[in-house]
Amino acid sequence: MFRLIGRHFKEAFQGIFRHFSSSLNSITAVTVTLLLVSLLTLIIGNVSQITRVLEDEVKIWVKIEDEIEEGEIPSLTRKVENVEGVAQVEFSDKDSELDRFISGFGEEGKLFEIYREDNPLSRAFIVSLREGFSISDVASRIEKVNGISEIDFGGVNTEEFLKLLNGIRQGGYVIVLALTLVAIFLIQNTINQTIFNRRLEISIMRQVGASNSYIRQPFVIEGIFIGLMGSILPVLATIFGYKYIYEAFQGKLVSGMLTLQPVYPFAFFVSGFLIIVGIVVGLIGSFLSVNKHLRWRR
């Protein structure tokens, strides 16, 4: 059995080097494709990271009516918690609201300490959302609760920005899938050419009784190696290229809130994904191609 496997590997290597020009074209095509897949995967990973951070940071500020007594706060809290899409409700008293107001102005905010004795601000709830729920929809439902006087969540622009990020992420998945299919098609064409060049050899093997699976194995292994070799450069570019970009931007975009994925283990995860994609692309492309030429009955 090991002898037979060794023979298949030997034939696969011979096939690659005998038809090196076509194999090199296929390896180049896989390399270019995986470089694009790597770029998109890095973008998708970081967009997902930024989206998660923004979703965690974006909260709904809910102003409580001044007429609500302190003893009614727990009951009102439960009502807001029961609103569909609400994950957590945090009560913020007048002093906490003043602290938040002052911190928003930085050093100049200290001027507002004079309102500490006679605080004009209202009590509020800070509401966190469950994943997948629209901010505006949840805000509209909360606004209908008796005892709530005002809602603020950053406006429609905040929600539109999150939708844009999610759109980029979903669009990236589609493009990655399309590039993978293109790579499979390119490898399939390369193996097609290889099989055509070796049609006499395959015909002789059939005549002496070789099974389809025996004929197929070297071509499948050849496709796997083409995919594997095509992933080497993209893996190196991913690890060292992303490390360079991460250090150049100091791990963040625009502000500390828009943080990038850490180089390790993210770059290794993406590299592993590229290797798997390369192998699978090579395997599927060669398998489909060789099956097309071996459709016959004994």
A.B. asks: Would you say the side chains of Ser128 and Lys59 form a donor-acceptor pair under 3.5 Å?
C.D. replies: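 Yes.
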
A.B. asks: Anything under 3.5 Å between a donor and an acceptor, one on a side chain of residues 70-78, the other on a protein residue two or more places apart or in another chain? List them.
C.D. replies:
unit_1: Glu70; atom_1: OE2; unit_2: Arg123; atom_2: NH1; d: 3.0
unit_1: Glu72; atom_1: OE2; unit_2: Glu69; atom_2: N; d: 2.9
unit_1: Thr77; atom_1: OG1; unit_2: Ile73; atom_2: O; d: 2.8

A.B. asks: State the CG-OG1 distance between Leu181 and Thr33, to the nearest 0.5 angstrom.
C.D. replies: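 Reported value, rounded in 0.5 Å steps: 11.0 Å.
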
A.B. asks: Mind checking salt bridge (Lys or Arg N to Asp or Glu O under 4.0 Å) for Glu67 and listing every partner two or more places apart, or none if nothing turns up?
C.D. replies: none

A.B. asks: Which side chain to side chain donor-acceptor pair (under 3.5 Å) pairs, counting each pair once, include a residue from residues 231-246, with sequence neighbours left out?
C.D. replies: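 Only Ser38-Thr238, Asn46-Tyr242, Lys243-Glu247 qualify under side chain to side chain donor-acceptor pair (under 3.5 Å).
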
A.B. asks: Report the residues that fulfil side-chain contact (heavy atoms from CB on, under 4.5 Å) with Ile175, sequence neighbours left out, ordered by chain and then residue number.
C.D. replies: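 With neighbours one apart ignored, the set is Leu40, Leu179.
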
A.B. asks: Do the side chain of Arg130 and the main chain of Val86 share a donor and acceptor less than 3.5 angstrom apart?
C.D. replies: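 Confirmed, Arg130 side chain pairs with Val86 backbone.
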
A.B. asks: For a quick test of reading the model, state the closest non-hydrogen atom pair linking Leu34 to Pro234 and the distance between them.
C.D. replies: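 Result for this residue pair: CB-CG, 3.6 Å.
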
A.B. asks: When clusters are formed by joining ILVMFWY residues with side-chain heavy atoms under 4.5 Å apart, either directly or through shared neighbours, do Ile245 and Val37 land in the same one?
C.D. replies: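 Result: yes, single cluster for both.
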
A.B. asks: Got a donor-acceptor contact below 3.5 angstrom from the Gln261 side chain to the Gly45 backbone?
C.D. replies: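 Here the side-chain-to-backbone pair exists.
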
A.B. asks: Could you go through the side chain to side chain contact (heavy atoms under 4.5 Å, CB included) check for Phe268 and Val263 one step at a time?
C.D. replies: CA-CA 8 Å; Phe268 288 149; Val263 177; over 6 Å; no

A.B. asks: Kindly compute the distance separating CD1 (Ile224) from CE (Met229), expressed to the nearest 0.5 Å.
C.D. replies: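 If I round to the nearest 0.5 Å, the distance is 11.5 Å.
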
A.B. asks: Working to the nearest 0.5 angstrom, can you tell me the gap between Ile148 CD1 and Ile142 CD1?
C.D. replies: 7.5 Å

A.B. asks: Any chain of hydrophobic side-chain contacts (each under 4.5 Å) joining Ile239 to Leu233?
C.D. replies: no

A.B. asks: With sequence neighbours excluded, what pairs up with Phe269 under the ring pair (Phe, Tyr, Trp, His ring centres under 6.0 Å) test?
C.D. replies: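 Per chain and number, Phe269 pairs via ring pair (Phe, Tyr, Trp, His ring centres under 6.0 Å) with no residue.
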
A.B. asks: Show every donor-acceptor pair shorter than 3.5 Å between a side-chain atom in residues 89-106 and any protein atom, with sequence neighbours excluded, or say none if there are none.
C.D. replies:
unit_1: Ser92; atom_1: OG; unit_2: Glu97; atom_2: OE2; d: 2.7
unit_1: Asp93; atom_1: OD1; unit_2: Asp95; atom_2: N; d: 3.3
unit_1: Asp93; atom_1: OD1; unit_2: Ser96; atom_2: N; d: 2.8
unit_1: Asp93; atom_1: OD1; unit_2: Ser96; atom_2: OG; d: 2.9
unit_1: Glu97; atom_1: OE1; unit_2: Trp61; atom_2: NE1; d: 2.7
unit_1: Glu97; atom_1: OE1; unit_2: Arg100; atom_2: NH2; d: 3.2
unit_1: Asp99; atom_1: OD1; unit_2: Arg116; atom_2: NH1; d: 3.0
unit_1: Asp99; atom_1: OD1; unit_2: Arg116; atom_2: NH2; d: 2.8
unit_1: Ser103; atom_1: OG; unit_2: Asp99; atom_2: O; d: 3.3
unit_1: Ser103; atom_1: OG; unit_2: Arg100; atom_2: O; d: 2.9

A.B. asks: Just do the side chain to side chain contact (heavy atoms under 4.5 Å, CB included) check on Ile275 and Val235 with the steps written out, would you?
C.D. replies: CA-CA 8 Å; Ile275 293 172; Val235 165; 3.7 Å; yes

A.B. asks: Going through the checks in order, is the side chain to side chain contact (heavy atoms under 4.5 Å, CB included) test met by Lys79 and Asn82?
C.D. replies: CA-CA 5 Å; Lys79 289 180 182 178; Asn82 290 331; 5.7 Å; no

A.B. asks: What heavy-atom pair brings Gly230 and Val30 nearest, and what distance separates the two atoms?
C.D. replies: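 Scanning both residues, the minimum pair turns out to be CA-CG1, 3.9 Å.
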
A.B. asks: Group every Ile, Leu, Val, Met, Phe, Trp and Tyr by side-chain heavy-atom contacts under 4.5 Å, then state whether Ile284 and Ile276 land in the same group.
C.D. replies: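 Linked, Ile284 and Ile276 end up in one cluster.
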
A.B. asks: If we only count heavy atoms from C-beta on, is the Gln88 to Val127 side-chain gap below 4.5 Å?
C.D. replies: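 Not in contact.
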
A.B. asks: Is it the case that atom CD in Gln250 sees more than 12 heavy atoms from other parts of the structure closer than 6.0 Å?
C.D. replies: no

A.B. asks: With rounding to the nearest 0.5 angstrom, report the CG to CG distance, Leu274 to Leu35.
C.D. replies: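 Here the rounded value is 8.5 Å.
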
A.B. asks: Out of curiosity, Phe219 CZ to Leu283 CG, how far, rounded to the nearest 0.5 Å?
C.D. replies: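 One gets 14.5 Å once the value is rounded to the nearest 0.5 Å.
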
A.B. asks: Nearest 0.5 Å, what's the CD1-CD1 distance between Ile279 and Ile226?
C.D. replies: 13.0 Å

A.B. asks: Going only through I, L, V, M, F, W and Y residues with side-chain contacts under 4.5 Å, is there a path from Ile126 to Ile135?
C.D. replies: no

A.B. asks: Do the side chains of Leu228 and Leu36 join up, straight or via other hydrophobic residues, at under 4.5 Å, putting them in one cluster?
C.D. replies: yes

